[in-house]
Amino acid sequence: MSLSLDKLRLLRRQAGEATPRPAADSIAPVAPAAGHAAAPETPAPMVPAAANDAHARRAAPDSVFAWVEKEVRHKPTGERAPAARPAVALRKPEVGGLHRLLGLRDRGAAATRPRADAQDRHVPGEEIAPGLFLIESFLPRAIPTEPLSLAFAKRDGEQVQPQDLLFFDTETTGLAGGTGTRAFMIGAADWHRDAARGEGLRIRQLLMTTMAAETAMLREFAGWLQPTTVFSSYNGRCYDAPLLKTRYRLARQRCPITPLDHVDLLFPTRRRYRGTWDNCRLATIERQLLQVIREDDLPGSEAPAAWLNYLRGGSAVNLRRVAEHNHQDVVTLSLLMLRLVAEEQRDRETLELSATPPQA
């Protein structure tokens, strides 16, 4: 935008400044000193306007208008102002790259969207709550007619009604324990008399497919328990039960596990079969003692990876294998309980016979 000298002078008068200085090539008379009148017939000596400008600058400082006027006067004719440089466009940050750099996971909608290679997302069972599935099955079995003695667990004189036993096992997100570990599946089996199917072993499994379903899963499992329920597990007293108690506390629900009795089958099994086989893992016991052979079984150590892979949009094939593994675990517990009771009873009968003196 150009600014002429006339417009500049007008602006200076509006700002209250004195009359603008004459141009550099004009001649101005020198004012006479104070108290001396100039001779009317003698013309005043003429001095260059530059000297007069210097005198004015000593009298008053230059204003911003004087600086602008100088810039306008000495600007070459026809010269255009340099073109403004285009603004540099700021590069938008790549959020995905920042997450990868910091080692963070993308928690957006894309993180839970099924992947292109996930062809099978079918989860067994019935969805009874958002993200919570119930898997039920029934195995026809005769229910023991008499109470089961707990003498094999060094609890002489104690007995339990068969239908009060609840064989349970959990599948968790890890084996380290602590508040960061949770159970994504709870399997339970009990002897049940059904009006349509008769007597048998009822297997129920709770599987959560979202983190938010844990509250509903804990509430549903608590509804399966009665005041007379007796837990039976394999190392559940040291791992599964404490884990569930922690999850109940974190969910701010009343813990239904603490008041109930618990028979852990790991310790009597170790006492009886230690040294007989390489180890006393449940898979070893059921193969060597119960002659149960699993086909296409997914090891329990791979269960956390199978569940996390499903949460991230992967296939549900291995998740169904986890459910089958858990199903067999609780069935094996019921078989192992009957076997331990029977062997303890046989040992007692043998001991009684050896203590009886022979008849004459």
Side-chain angles (χ1 to χ4, degrees), residues 135 148 150 152-155 158 160-179 181-191 201-208 214 217-218 220-251 253 255-274 279-286 289-290 292 299-301 303-304 307 322-341:
I135 309 169
L148 301 179
L150 299 181
F152 69 91
K154 293 191 177 299
R155 296 169 61 171
E158 295 187 33
V160 58
Q161 295 295 331
Q163 290 176 279
D164 288 339
L165 284 168
L166 185 72
F167 306 97
F168 84 104
D169 184 51
T170 64
E171 305 298 334
T172 64
T173 58
L175 301 177
T179 57
T181 304
R182 65 184 71 199
F184 66 86
M185 175 178 284
I186 303 176
D190 61 339
W191 281 297
L201 195 66
R202 177 179 56 178
I203 299 97
R204 291 174 290 179
Q205 297 168 278
L206 293 172
L207 168 63
M208 65 179 195
E214 183 182 33
M217 181 181 70
L218 295 174
E220 180 69 17
F221 181 66
W224 296 354
L225 309 179
Q226 303 296 328
T228 57
T229 297
V230 177
F231 287 115
S232 183
S233 64
Y234 203 79
N235 198 34
R237 182 183 290 275
C238 298
Y239 182 75
D240 301 89
L243 175 64
L244 290 178
K245 291 177 183 179
T246 300
R247 302 316 303 179
Y248 274 106
R249 285 195 295 269
L250 293 177
Q253 296 185 28
C255 177
I257 299 175
T258 303
L260 302 180
D261 194 6
H262 193 149
V263 180
D264 197 322
L265 302 182
L266 171 63
F267 305 105
T269 302
R270 279 181 177 173
R271 285 194 299 267
R272 178 173 290 271
Y273 299 107
R274 180 183 287 117
N279 55 65
C280 288
R281 295 174 58 245
L282 185 60
T284 303
I285 294 298
E286 69 179 7
L289 183 64
L290 306 174
V292 174
S301 59
W307 186 68
V322 172
E324 295 171 1
H325 175 90
N326 181 265
H327 176 278
Q328 185 58 53
D329 280 349
V330 294
V331 172
T332 297
L333 290 177
S334 66
L335 299 177
L336 180 59
M337 166 72 82
L338 294 178
R339 183 60 179 264
L340 292 174
V341 171

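Sequential numbering from 1 along the given sequence is applied to the chain's residues. Since the structure is predicted, the reported quantities are computational estimates derived from the model, not experimental observations.
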Colleague: Counting C-beta onward and ignoring hydrogens, is there a side-chain heavy-atom pair between M208 and W307 closer than 4.5 Å?
Modeller: yes

Colleague: Under a 3.5 Å distance rule, please check whether D169 uses its side chain to pair with a backbone N or O of G187 as donor and acceptor.
Modeller: no

Colleague: Measure the shortest side-chain to side-chain distance between Y234 and C280 over non-hydrogen atoms and say whether it is less than 4.5 angstrom.
Modeller: yes

Colleague: Side chains of T269 and L336: does their closest heavy-atom pair fall under 4.5 Å?
Modeller: yes

Colleague: Would you kindly say whether N326 and Q205 are connected by a side-chain donor-acceptor distance under 3.5 Å?
Modeller: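 Side-chain D/A pair, N326 to Q205: present.
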
Colleague: Restricting to non-hydrogen atoms, name the atom on T181 and the atom on T172 that form the minimum distance, rounded to 0.1 Å.
Modeller: CG2-CB, 4.0 Å

Colleague: Do the non-hydrogen side-chain atoms of S232 and F168 ever get within less than 4.5 Å of each other?
Modeller: no

Colleague: For the pair K245 and D240, find out whether any cationic side-chain nitrogen is under 4.0 Å from an anionic carboxylate oxygen.
Modeller: no

Colleague: Going by heavy atoms in the side chains, are L206 and M185 under 4.5 Å from each other?
Modeller: no

Colleague: Give a yes or no on whether the backbone of C255 and the side-chain of R249 come within a donor-acceptor separation of less than 3.5 Å.
Modeller: no

Colleague: Can you tell if the side chain of E286 reaches within under 4.5 Å of the side chain of L335, non-hydrogen atoms only?
Modeller: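 No; the side chains remain at least 4.5 Å from each other.
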
Colleague: Tell me whether the rings of F231 and F221 are parallel (<30°), tilted (30 to 60°) or perpendicular (>60°).
Modeller: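 Ring orientation of F231 relative to F221: parallel.
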
Colleague: Taking C-beta and beyond as the side chain, do H262 and V230 meet within less than 4.5 Å on heavy atoms?
Modeller: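 Not touching, per the 4.5 Å side-chain cut-off.
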
Colleague: Determine whether Q161 and T228 make a side-chain contact, defined as any pair of heavy atoms from C-beta on separated by less than 4.5 Å.
Modeller: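 With C-beta onward as the side chain, the pair stays apart.
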
Colleague: Could you check whether R204 makes a cation-pi contact with W224, meaning its NZ or CZ is under 6.0 Å from the centre of the six-membered ring and within 45° of the ring axis?
Modeller: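 Yes - R204 lies over the ring of W224, closer than 6.0 Å to its centre and within 45° of its axis.
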
